Structure formats: C-alpha cells, structure tokens
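Bear in mind the structure is a predicted one, so any value in this text is a computation, not a measurement.
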Amino acid sequence: MGSTNGYDALLVVSFGGPEKPEDVMPFLENVVRGRGVPRERLLEVEAHYQRFGGVSPINRQCRDLIAALDVDLPVYWGNRNWHPFLEDTVLRMKEDGVRKAAAFVTAAYSSYSSCRQYLDDIARARAAVPGAPEIVKLRHYYDHPGFVAAMADHTREALDRLPADAREQARLVFTAHSIPVSMARTAGPAGGAYEAQLRRAAELVTAHVDEGRAWDLVWQSRSGPPQVPWLEPDVCDHLEALHAEGVRSAVLVPIGFVSDHMEVVYDLDVEAAATAEKLGMALTRASTAGTHPRFVSMVGELLAEPEPAPCAATCCPAPVRPAHRPGR
C-alpha cells in the first residue's frame, strides 16, 4: 500500500477471453470484427481454444491479480473483447461515484495493439457513458524492477526444471507477439519502441539470471497474409536454427506477455514444444509474471508515481492492416 496520487479507483484493463466452450466463437467474432477474417480461419482458431476446454487462462489470471493487489482503492476490471466489457465497467464506476481512476493495462510495451488501442478502448467506453470518470493509463512497465524480478525468478525456475546436463548451456529464447513490420516501425514517439523495449526487458532479465548466458529475442503468433512482412524469426523456426547450430537445450521466456494468453499456452506449450520434441531438444517454458509478489507490488508502485504525461496523438498510430488472427 502507499500513495494513490489523487486517484479514487484502480481499473485493470485487459484483452479478455472465453470461459466456456460456447463463448469461444462469439469472443473470436468480437476480436476480428470489421477485419474480414474468413470463417474457416475462425474455426481453426476456435479449435485451439476447444483443445483447452473452451477456456482462455487470461480472465482467471486477471481475477487472481486483482485478488492479490494490496492498494488503498476500489479495484474494477474491464476487457476489450469479453465480459466484463470495459464499457459496462466504466458505467458501474460512474454509478459508484468514481471521479478519477488509474488504468493498469495488462500489456507492458509500446505499439498500437499493446498501448494505443487500449487508449482508444478507454476513450470509446468513456464516450458511451455520460459523466464517465477521468481515466489515466499508467506508464509502460517493461523495465520496472518488479516486472524484471518476476520474470527473472520464473526464468530461473524454468532453468532448474531442465536436466542437469542441459542446464548450463541452455539458450534463453525470449518470445513476444509478432506484429507487422509497418506497426513496429511506428511504435512509440519516434518509432521502433516495441522491439527496443522488448530487447531492453530481455537484457535486464538475463542480467538478473546469468549475465553471460546467450539469449535471443524471437516472435510468435504471426498472422495475416504471407506477403505482408511481420517481425521474424518465428519461435519454431528459431528452435530449428538453434538445433542446426548445435544448441541442444533452451528455455522459452514469454517476455511479451504478463499473463498466459492462448498464444502462450498453444503457440509455446503445444507448437513450440512439439518442434523441440521432434528435434530432440530439451525445452522448458518460464511462467509469465502472473501474480508474482514483485509484479503485484509493482502495480501499487506505479500508482504512487507522478501522473504520466498523455501520449501524443501521433504515437503508435492505428495501422491499415490485413485480416488478423485472433488469440489470447
């Protein structure tokens, strides 16, 4: 607990996810609304969710995070794509008399999809609720000691799960959601911030775990037409390249995520794990930050910081993008 810096509520803002099999297709339709994604692609992604009982872990992890928070404020929760929807939550906040809330978004980096789109979501929800409270998005926290400490601890735990003879030479493979190259170029005030922030986070985590250990930053969950360039290499392609170089063990560190989205549990725990098994490579996956005590305490520390300056209107502009594969 500590200073609440003039806020009278904390709003946790997240992506949202289905919580039973019949939720999956309506959720996916929300994610891709207006993007012209073919029905067959939605059915393919639906199968990923149904493999896990039609439940994404993200809503449960949001509930767990909220339960773990120790802040002197009422805590609300609103999602972009599934219940509880952000607009409904903002209406409840207004009815409860909230006047100024801090928004903690479950995305740590600068880009359109991880920052600007959430700002747009908040603005749209407020516009739909006359008399809505002021809502201030807290700063990016990719380099906050609480996030770094959580990911370092989880990376050590993953290393310890490897066989002893594989542990010493294991490569740290940091993963993040791929985005179109055009979006990466315009991320942040001067462009390139998404990749730069992820590399900085990976450097900080590695320094806490084993400063001399080799590491890479790679990408996962690419979508869209093959002719549109996205950030590369893909994690599975990278595992094959490492194996060809003689690397026989690795730890996947999902540095781009703060909780287990469907991309983490499917693209890493299923697809990447299958690639490693085919190659005969020893592989483990670090947990996301989740409810690690240092990550939880970080939220209170962000609340106590001076109010962040609003992003410039030109920061992380909305892309003109092709059909997008849903997930999380």
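From Leu204, atom CG reaches atom CZ of Arg199 across 14.0 Å, with rounding to the nearest 0.5 Å. If you take CG on Leu159 and CG on Asp210, they are separated by 8.0 Å, rounding to the nearest 0.5 Å. Interatomic distance, CG of Leu252 versus OG1 of Thr155, reported as 10.5 Å (0.5 Å rounding). The structure places CD1 of Ile255 at 9.0 Å from OG1 of Thr175, a figure rounded to the nearest 0.5 Å. In this structure, CG on Leu268 lies 8.5 Å from CG on Leu283, to the nearest 0.5 angstrom. The line from CZ of Arg80 to CD of Gln117 is 3.5 Å long, rounded to the nearest 0.5 Å.
A donor-acceptor pair shorter than 3.5 Å can be found between the side chains of Arg294 and Ser297. Side chains of Thr275 and Glu240: a donor-acceptor N/O pair is absent below 3.5 angstrom, by distance only.
Between Trp215 and Arg171 the shortest heavy-atom distance is N-CD, 3.8 Å. Contact between Ile135 and Ala103 at its shortest, heavy atoms only, is CG2-CB, 3.7 Å. The shortest heavy-atom contact between Leu279 and His243 is O-NE2, 2.9 Å. Glu305 approaches Arg139 most closely through the heavy-atom pair OE1-NE, 2.7 Å. In terms of heavy atoms, Pro317 sits closest to Thr314 at CD-O, 3.6 Å. Closest approach of Ala250 and Leu239 over heavy atoms only: CB-CD2, 4.4 Å.
Note: Tyr142 and His144 fail the aromatic proximity criterion, with ring centroids not under 6.0 Å apart.
Across Tyr7, Tyr118, Tyr141, a single residue satisfies ring-ring contact (aromatic ring centres under 6.0 Å, His included) together with Phe104, and that is Tyr141. His177 pairs with exactly one of Ser221, Ser114, Ser113 by the side chain to side chain contact (heavy atoms under 4.5 Å, CB included) rule, that one being Ser221. Only one option out of Thr288, Val264, Asp64, Val265 pairs with Pro57 in a side chain to side chain contact (heavy atoms under 4.5 Å, CB included); it is Val265.
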Evaluate the criterion side chain to side chain contact (heavy atoms under 4.5 Å, CB included) for residue pair Met262 and Phe15; output intermediate values, then yes/no. CA-CA 11 Å; Met262 186 53 62; Phe15 191 84; over 6 Å; no
Applying side chain to side chain contact (heavy atoms under 4.5 Å, CB included), run through Arg167 and Asp160 and close with a yes or a no. CA-CA 7 Å; Arg167 195 175 304 144; Asp160 288 345; 4.1 Å; yes
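Side-chain atoms of Asn59 come within 3.5 Å of backbone N or O of Gly17 as a donor-acceptor pair. Here the side chain of Glu263 pairs no donor or acceptor atom with the backbone of Gln220 at under 3.5 angstrom. A donor-acceptor contact shorter than 3.5 Å is absent between the side chain of Glu87 and the backbone of Val129. Ser249 places a side-chain N or O within 3.5 Å of a backbone atom of Ala166 that can act as its donor or acceptor partner. In this structure, Gln169 contributes its side chain and Arg248 its backbone to no donor-acceptor pair below 3.5 Å. Within the 3.5 Å criterion, the main-chain N or O of Pro84 finds no donor-acceptor partner in the side chain of Asp88. With hydrogens and angles disregarded, a donor-acceptor distance shorter than 3.5 Å links the side chain of Arg116 to the backbone of Cys315. Put simply, the side chain of Asp96 never gets that close to the backbone of Val98: no donor and acceptor are under 3.5 Å apart.
Counted within 6.0 Å of CZ on Arg99, heavy atoms from surrounding residues, nucleotides or ligands total 12 or fewer; the atom is thus considered open. Within 6.0 Å of CD on Glu29 lie more than 12 heavy atoms contributed by other residues, nucleotides or ligands. For Glu211, the CD atom counts as loosely surrounded, since its 6.0 Å shell holds 12 or fewer non-hydrogen atoms of other residues, nucleotides or ligands. Around atom CD of Glu168, no more than 12 heavy atoms belonging to other residues, nucleotides or ligands sit under 6.0 Å away. More than 12 heavy atoms of other residues, nucleotides or ligands sit less than 6.0 Å from atom CZ of Arg161.
You'll find the side chain of Pro180 reaches within 4.5 Å of the side chain of Trp230, heavy atoms only. Under the 4.5 Å side-chain criterion, counting only non-hydrogen atoms from C-beta, Tyr109 is not in contact with His140. Looking only at side-chain heavy atoms (C-beta outward), Ile58 and Asn79 stay at 4.5 Å or farther from each other. Counting heavy atoms from C-beta on, the side chains of His208 and Arg156 come closer than 4.5 Å.
Between Arg200 and Glu203 there is a salt bridge, since a side-chain N of the basic residue sits under 4.0 Å from a carboxylate O of the acidic one. Salt bridge present: Arg285 and Asp260 bring a charged side-chain N and a carboxylate O closer than 4.0 Å.
Under a hydrophobic-cluster definition in which Ile, Leu, Val, Met, Phe, Trp and Tyr are linked whenever side-chain heavy atoms come within less than 4.5 Å, directly or via other members, Val55 and Val45 are assigned to different clusters. Put simply, Leu302 and Trp77 are part of the same group of oily side chains (I, L, V, M, F, W, Y) that touch within less than 4.5 Å, one to the next. When the side chains of ILVMFWY residues are joined at heavy-atom separations under 4.5 Å, either directly or via intervening members, Val136 and Leu10 end up in a single hydrophobic cluster. Under the 4.5 Å side-chain contact rule for hydrophobic residues, Leu86 and Leu119 do not share a cluster. Hydrophobic clustering of Ile, Leu, Val, Met, Phe, Trp and Tyr side chains at less than 4.5 Å, counting indirect connections, unites Val71 with Ile66.
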